[in-house]
Amino acid sequence: MTAATTSQPKGPSRRAVLTAGLAGLATGTLGTAAIASQTDQQPTSNVGPARVAFFGAHQAGISTMTQSHGMFLAYDLGDIDRADLVRLLRLWTDDAARLTQGEAALADTEPELASNPARLTITLGLGPHALDVARVPRDERHGVGSLPSFTIDHLQERWSGGDLLLQVCGDDALSVSHAARMLSKDVRTFGSLRWRQDGFSQQGVATMAGETPRNLMGQVDGSANPTPDSQDFAETVWVEGGRMTGGTTLVLRRIQTLLSDWDRLDRHDRELVIGRRLADGAPLTGDDEGDVPDFDAVDERGLPVIPTFAHIRRAHPSVTGARIHRRSFSYERPPDEAGLLFVSFQADIDEQFVPIQRSLAELDQLNRWTRAVGSATFLIPPGCEPGGYLGDALF
Ligand code: HEM
């Protein structure tokens, strides 16, 4: 069972809380005074108590429905050995297990900030140097560290690489920020922060269950993802066999979107760039978001309805032979940078992410409005059981 499905809120369940909220709305039939006193006591929306299970076969924050905030922290390790790395992973695990369940971290300076985790998840990743320190051989790295360069790259050192990754996600920015601060304290004697990237998503709070979120370009983004907990998802994401069984890999690409240029394109042309309709995310050859795109369909002039340069054609398994699970967040960096923290999970980077990115680099009209400025890859070990620690399978 995955972390997401074993999610068991300890406080009032999310459903109970939402039902209570609806009951509050029903007081519309009561007098104004009664409504006022109800409003004082009842939260308008309360995702605070919701918890995602920490222990299990897989780490949380992968098949978990995307939360509304995502923070990515990459650390550079100092001069440490294998035993030191284990000490750090134990510290992180202990604090992450508490914080995600609404309990204060061990040396929490603001313990009250832990009590509303709001679906907080903390996911650990190991970059190439950490894998050297852990003495994980190449054939167990599943492509981590070996990303080729692509013609579309404009990579900057400040957003790339990293020895260790913490992906901290949740539906409340305060809870995410507090968790990140506590975990960053643990790392002080072992290494230092290399970069931090913050993103946001419509999913988690602002969309209905099962609704695909939109990105800053206005597109419905995530439609063709494998369904969490399906066989399809398992085959795409989880490593099968060996010590890494139940683990995966993460690729993070910081991709600027050139929104003021994009704004100049008319609606029809924007739809041709992706191959899906803006209104509902349906493929240009279909009626519903879930319809399978028909890449052979031609219009009255004999031209493909979904152009040869369309993003969904170039990224499609029929062209690339591969699938990935995307779990991206939008981001903004004032005054003028906006884009996508593109995050993908796949059992093997070389066999899955690379052929897709190659196909897109070669011919994808979307490249005219996007610019990859950061890139990093991490091995995501399987989950752990109580008493164990994240990464223990590798030691
Ligand atoms: C800013 C950059 C990007 C934007 C705005 C973007 C947007 C989209 C949109 C709107 C869709 C169609 C709906 C969906 O299935 O989600 C899509 C599909 C997809 N994208 Fe991207 N994308 C970006 C970058 C990438 C990158 C870097 C990759 C991988 C290297 C990628 C891989 C895919 C895949 C595999 C699909 C599904 C194709 C299918 O099977 O139909 N995308 N993307």
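Values below: all heavy atoms of this structure, side chains included; hydrogens, waters and symmetry mates excluded. Counting convention: from 1, in listed order, for ligands and their atoms alike. None of these values were measured; they are calculated from a predicted model.
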Distance-only N or O hit between ligand 1 and Ser223, under 3.5 Å: yes

Suppose the criterion is side chain to side chain donor-acceptor pair (under 3.5 Å): which pairs have a residue in residues 382-395, not counting sequence neighbours? none

Among all protein heavy atoms, pick out the one at the shortest distance from atom 16 (O) of ligand 1; state its residue, atom name and that distance to 0.1 Å. Gly222 N, 2.5 Å

Does Ile255 reach ligand 1 with a nitrogen or oxygen that is under 3.5 Å from one of the ligand's nitrogen or oxygen atoms? no

Are the charged groups of Asp94 and Arg98 less than 4.0 angstrom apart, N to O? yes

Would you call Arg323-Glu235 a salt bridge at under 4.0 Å N-O? no

Have a look around atom 21 (Fe) of ligand 1 and list protein N/O/S atoms under 2.8 Å, or say none. His311 NE2

Quick one: look at Arg276 and ligand 1, take heavy-atom pairs under 4.0 Å, and tell me if it's side chain, backbone, both or neither. side chain

At under 4.0 Å between heavy atoms, what of Ala372 touches ligand 1? The answer is neither

Evaluate the side-chain proximity of Leu259 to Leu216: yes if any heavy-atom separation is below 4.5 Å, no if none is. yes

How far is atom 41 (O) of ligand 1 from its nearest protein heavy atom, and which residue and atom name does that atom have? Ala224 CB, 3.5 Å

Looking only at heavy atoms, is any part of Asn215 under 4.0 Å from ligand 1, and if so is it the side chain, the backbone, or both, or is it neither? side chain

Could you check Arg254 against Gln197 for side-chain hydrogen bond (donor to acceptor under 3.5 Å, both in side chains), going step by step and ending with a plain yes or no? CA-CA 9 Å; Arg254 183 184 181 92; Gln197 308 193 47; 2.8 Å; yes

Test of understanding: given a 4.0 Å heavy-atom threshold, classify the contact between Gln357 and ligand 1 as side chain, backbone, both, or neither. both

Acceptor/donor pairs from residues 121-138 side chains to any protein atom, 3.5 angstrom cut, sequence neighbours excluded:
residue, atom, partner, partner atom, Å
Thr121, OG1, Gln67, NE2, 3.0
Thr123, OG1, Ala60, O, 2.7
Thr123, OG1, Gln167, NE2, 3.1
Asp132, OD1, Arg141, NH1, 3.2
Asp132, OD1, Arg141, NH2, 2.8

Among Leu340, Leu258, Asp364, closest by heavy atom to atom 3 (C) of ligand 1 is Leu340

Closer than 4.0 angstrom, basic N to acidic O: yes or no for Arg119 and Asp171? yes

State which residues pass salt bridge (Lys or Arg N to Asp or Glu O under 4.0 Å) with Arg368; sequence neighbours excluded, sorted by chain then number. none

When you measure from atom 13 (C) of ligand 1 to every protein heavy atom, which one gives the shortest distance, and what is it? Val220 O, 3.5 Å

Do the ring planes of Tyr75 and Trp92 sit parallel (below 30°), tilted (30 to 60°) or perpendicular (above 60°)? tilted

